[in-house]
**Student:** 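Handing you a structure now.
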Protein chains: 2
Amino acid sequence: MQQENQVNIADLRERFSHYLKKQRYRNTQERFLVLDSVVNIDKHFSADELYIYVRGFGAKISRATIYSTLDLLTKCNILVKHRFQGDSAHYELADKMPNHDHLICTECGRIIEFQAIEKLGEIQNEVCQSLGFKPLKHSFNIFAVCNDPGHCEYNRA
Amino acid sequence: MQQENQVNIADLRERFSHYLKKQRYRNTQERFLVLDSVVNIDKHFSADELYIYVRGFGAKISRATIYSTLDLLTKCNILVKHRFQGDSAHYELADKMPNHDHLICTECGRIIEFQAIEKLGEIQNEVCQSLGFKPLKHSFNIFAVCNDPGHCEYNRA
DNA sequence: GTTCTTGCAAACCCTTTGCACGTCT
DNA sequence: AGACGTGCAAAGGGTTTGCAAGAAC
């Protein structure tokens, strides 16, 4: 399922590089290290999870740089930033599955992706039209619990 | 529009009181002061906005109590807690408009309510069924900008 | 009278910022 | 060389917590 939209890392690097150039920001090692890690981590992550991940294979990078780079990657639409419940923001690659929303298990916090974009897009457009707004994007989150909580390996109890 | 579902404060007080009793929590003045304020404030609010509101008419109450009571009111389903974008959580009465979602203006932060529940409920149920989850609730947020930004009195520029 | 709740301030977590040093152009 | 980015630690905002004083039971 995740493979449907294989991420092209060379393409992402190019897009990032292009964005940086256009904004007169510099192409630093740290920024591309973050981009690579973001691709490798291959799931939703918080800034701190990414920090730990990057440190995990010995790379030296500060939280400040993590945050700043995540911000850049979000601004150039390589990442999408979410605020689910909980304290910290979560990020994911915008390209990986271009159109999906999230189901959050209220028992274990697991996040599952699904697609229902056409219908949601219709609703979004209807609502905006009737209220006099230009739609930009939406977020649709379903909160639910597993039918089989025993299967829920992530369970925090 | 807001009047459609007139909030019955006596009913809310009763529900809160019942909940507190059942949980062996105490019926304190502060808790009911918060409940009353939440009804009077009549829009989405953050914990701090509520704190300022309550202080505004001379009531003495601490932030700690505000937070703790908001938590209780959320647990007993009198309030709903949202995480829109931005730093702080926002709350609103669950009963006031039992079924609505939110359009957030990305220019000014204004929050507008709308109803599209039947369709969203269908989607929610379909998704949960196919993934093997029991649906609890959903949140659907549309991010958009006014067609007429000049009209946007809240604009933060 | 005992237990729970409050208020205050300090602690806490996530995130941003200031500054000196290092890196990119 | 000059300007920008980094790392560190400290500050910041929202929220939670520990503890003594006060209120509910």
Side-chain angles (χ1 to χ4, degrees), chain A residues 13 16-38 44-55 58-76 79-91 109 156, chain B residues 13 16-38 44-55 58-76 79-91 109 156:
Chain A
R13 285 174 148 265
F16 194 29
S17 175
H18 181 259
Y19 170 80
L20 294 173
K21 217 158 277 169
K22 209 176 72 184
Q23 305 292 322
R24 311 257 165 113
Y25 296 143
R26 290 178 179 174
N27 281 9
T28 68
Q29 295 177 202
E30 289 83 355
R31 284 172 178 165
F32 286 89
L33 171 62
V34 168
L35 176 56
D36 290 349
S37 305
V38 153
H44 300 86
F45 59 89
S46 65
D48 212 58
E49 282 163 0
L50 180 61
Y51 175 74
I52 290 165
Y53 178 83
V54 169
R55 289 268 165 165
K60 263 195 73 201
I61 197 160
S62 69
R63 272 182 238 271
T65 301
I66 295 274
Y67 277 104
S68 123
T69 307
L70 287 176
D71 214 38
L72 291 173
L73 288 168
T74 302
K75 285 212 180 79
C76 77
L79 288 181
V80 177
K81 182 177 185 175
H82 297 283
R83 300 285 323 224
F84 302 125
Q85 39 185 16
D87 295 321
S88 56
H90 281 70
Y91 300 81
R156 299 169 182 156
Chain B
R13 284 174 148 265
F16 193 29
S17 176
H18 181 259
Y19 171 79
L20 293 173
K21 217 156 279 169
K22 208 175 73 184
Q23 304 292 322
R24 311 259 163 111
Y25 296 143
R26 290 176 179 177
N27 280 10
T28 68
Q29 295 177 201
E30 289 83 355
R31 284 172 178 164
F32 285 90
L33 170 61
V34 168
L35 176 56
D36 290 349
S37 304
V38 153
H44 299 85
F45 59 89
S46 64
D48 213 58
E49 282 162 0
L50 180 61
Y51 175 74
I52 291 165
Y53 179 84
V54 170
R55 288 268 164 166
K60 264 196 73 201
I61 197 161
S62 70
R63 280 192 175 80
T65 301
I66 295 274
Y67 278 104
S68 121
T69 307
L70 287 176
D71 214 38
L72 291 173
L73 288 169
T74 302
K75 285 212 181 80
C76 77
L79 288 181
V80 176
K81 182 177 185 175
H82 296 284
R83 304 281 326 222
F84 301 126
Q85 38 185 18
D87 294 321
S88 57
H90 281 69
Y91 300 82
R156 301 167 180 159

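Values reported hereafter were calculated over all heavy atoms of this structure, with side chains retained and with hydrogens, waters and symmetry mates removed. Throughout, a chain's letter reflects where its sequence line sits, starting with A, and its residues are numbered from 1.
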**Student:** Please find the pair of heavy atoms, one from A:Ser37 and one from A:Leu50, that lie closest to each other, and give the distance.
**Tutor:**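 Taking every non-hydrogen atom into account, CB-CD1, 3.8 Å.
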
**Student:** Looking at every non-hydrogen atom in both residues, tell me the closest pair between B:Ile61 and B:Tyr51 and how far apart they are.
**Tutor:**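 Closest approach of B:Ile61 to B:Tyr51: O-CE1, 3.2 Å.
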
**Student:** Please name all residues satisfying side chain to side chain contact (heavy atoms under 4.5 Å, CB included) with B:Arg83, sequence neighbours left out, ordered by chain then number.
**Tutor:**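 For B:Arg83 the side chain to side chain contact (heavy atoms under 4.5 Å, CB included) partners, ignoring immediate neighbours, are A:Arg83, B:Ala89.
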
**Student:** Is A:Thr28 close enough to C:dC24 that one of its side-chain N or O atoms is under 4.0 Å from OP1 or OP2 there?
**Tutor:**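 No, because none of the side-chain N or O atoms of A:Thr28 sits under 4.0 Å from OP1 or OP2 of C:dC24.
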
**Student:** Evaluate the side-chain proximity of A:Leu70 to A:Phe45: yes if any heavy-atom separation is below 4.5 Å, no if none is.
**Tutor:**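 The answer is yes, as the side chains (C-beta and beyond) meet within the 4.5 Å cut-off.
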
**Student:** Can you give one letter per nucleotide of nucleotides 8-21 of chain C, 5' to 3': B if a protein heavy atom sits under 4.0 Å from the base, S if only from the sugar-phosphate, - if neither?
**Tutor:** B-----SBBB----

**Student:** When the ring planes of B:His90 and B:Phe84 are compared, do they come out parallel, tilted or perpendicular, using 30° and 60° as the limits?
**Tutor:**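 Taking B:Phe84 first and then B:His90, their aromatic rings sit tilted (interplane angle of 30° to 60°).
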
**Student:** Between OH of A:Tyr25 and CZ of A:Arg31, what distance do you get to the nearest 0.5 Å?
**Tutor:**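 Those atoms lie 8.0 Å apart.
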
**Student:** Could you pull out the closest heavy-atom pair between B:Arg26 and B:Leu20, with the gap in Å?
**Tutor:**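 Minimum heavy-atom separation between B:Arg26 and B:Leu20: O-CD1, 3.8 Å.
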
**Student:** Would you please name every residue forming a salt bridge (charged side-chain N to carboxylate O under 4.0 Å, His left out) with B:Lys75, sequence neighbours left out?
**Tutor:**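 Counting only residues at least two positions away or on another chain, B:Lys75 forms a salt bridge (charged side-chain N to carboxylate O under 4.0 Å, His left out) with B:Asp71.
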
**Student:** For DNA chain C, determine which residues of residues 16-25 of chain A have any heavy atom closer than 4.0 angstrom to one of its atoms, and list them numerically.
**Tutor:**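 Under 4.0 Å from DNA chain C: no residue of residues 16-25 of chain A.
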
**Student:** Among residues at least two apart in sequence or on other chains, which ones pass side chain to side chain contact (heavy atoms under 4.5 Å, CB included) with A:Ala59?
**Tutor:**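 A:Ala59 satisfies side chain to side chain contact (heavy atoms under 4.5 Å, CB included) with A:Leu33, A:Val54, A:Phe57 once adjacent residues are dropped.
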
**Student:** Taking only heavy atoms on the protein side, list every residue of residues 29-37 of chain B lying under 4.0 Å from any atom of DNA chain C, sorted numerically.
**Tutor:**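 Residues of residues 29-37 of chain B that come under 4.0 Å of DNA chain C are, in numerical order, B:Glu30, B:Arg31.
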
**Student:** Measure the angle between the two terminal helix axes of the helix from C:dG1-D:dC25 to C:dT25-D:dA1, five base pairs each, and quote it to 10°.
**Tutor:**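 Comparing the axis at each end, I get an angle of 30°.
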
**Student:** Given side chains that start at C-beta, do those of A:Tyr91 and A:Val38 come closer than 4.5 Å, heavy atoms only?
**Tutor:**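 They are not in side-chain contact.
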
**Student:** Between which nucleotides of DNA chain D, read 5' to 3', does contact with chain A run, using atoms under 4.0 Å from its heavy atoms?
**Tutor:**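 With heavy atoms of chain A under 4.0 Å away, the range is D:dG2 to D:dC8.
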
**Student:** Evaluate the criterion side-chain contact (heavy atoms from CB on, under 4.5 Å) for residue pair B:Ile66 and B:Tyr53; output intermediate values, then yes/no.
**Tutor:** CA-CA 11 Å; B:Ile66 295 274; B:Tyr53 179 84; over 6 Å; no

**Student:** Using the salt bridge (charged side-chain N to carboxylate O under 4.0 Å, His left out) criterion, which residues pair with B:Arg63? Sequence neighbours excluded.
**Tutor:**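 Result, salt bridge (charged side-chain N to carboxylate O under 4.0 Å, His left out) vs B:Arg63: B:Asp48.
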
**Student:** Kindly write out the residues that satisfy salt bridge (charged side-chain N to carboxylate O under 4.0 Å, His left out) with B:Arg13, not counting sequence neighbours, or none if the list is empty.
**Tutor:**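 B:Arg13: salt bridge (charged side-chain N to carboxylate O under 4.0 Å, His left out) contacts with B:Asp36.
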
**Student:** Suppose we screen for side chain to side chain contact (heavy atoms under 4.5 Å, CB included). Which residues come up paired with A:Ser68, at least two apart in sequence or across chains?
**Tutor:**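 A:Ser68 satisfies side chain to side chain contact (heavy atoms under 4.5 Å, CB included) with no other residue.
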
**Student:** I'd like to check the salt bridge (charged side-chain N to carboxylate O under 4.0 Å, His left out) partners of B:Lys21; sequence neighbours left out, ordered by chain and number.
**Tutor:**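 So B:Lys21 forms no salt bridge (charged side-chain N to carboxylate O under 4.0 Å, His left out) with any residue.
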
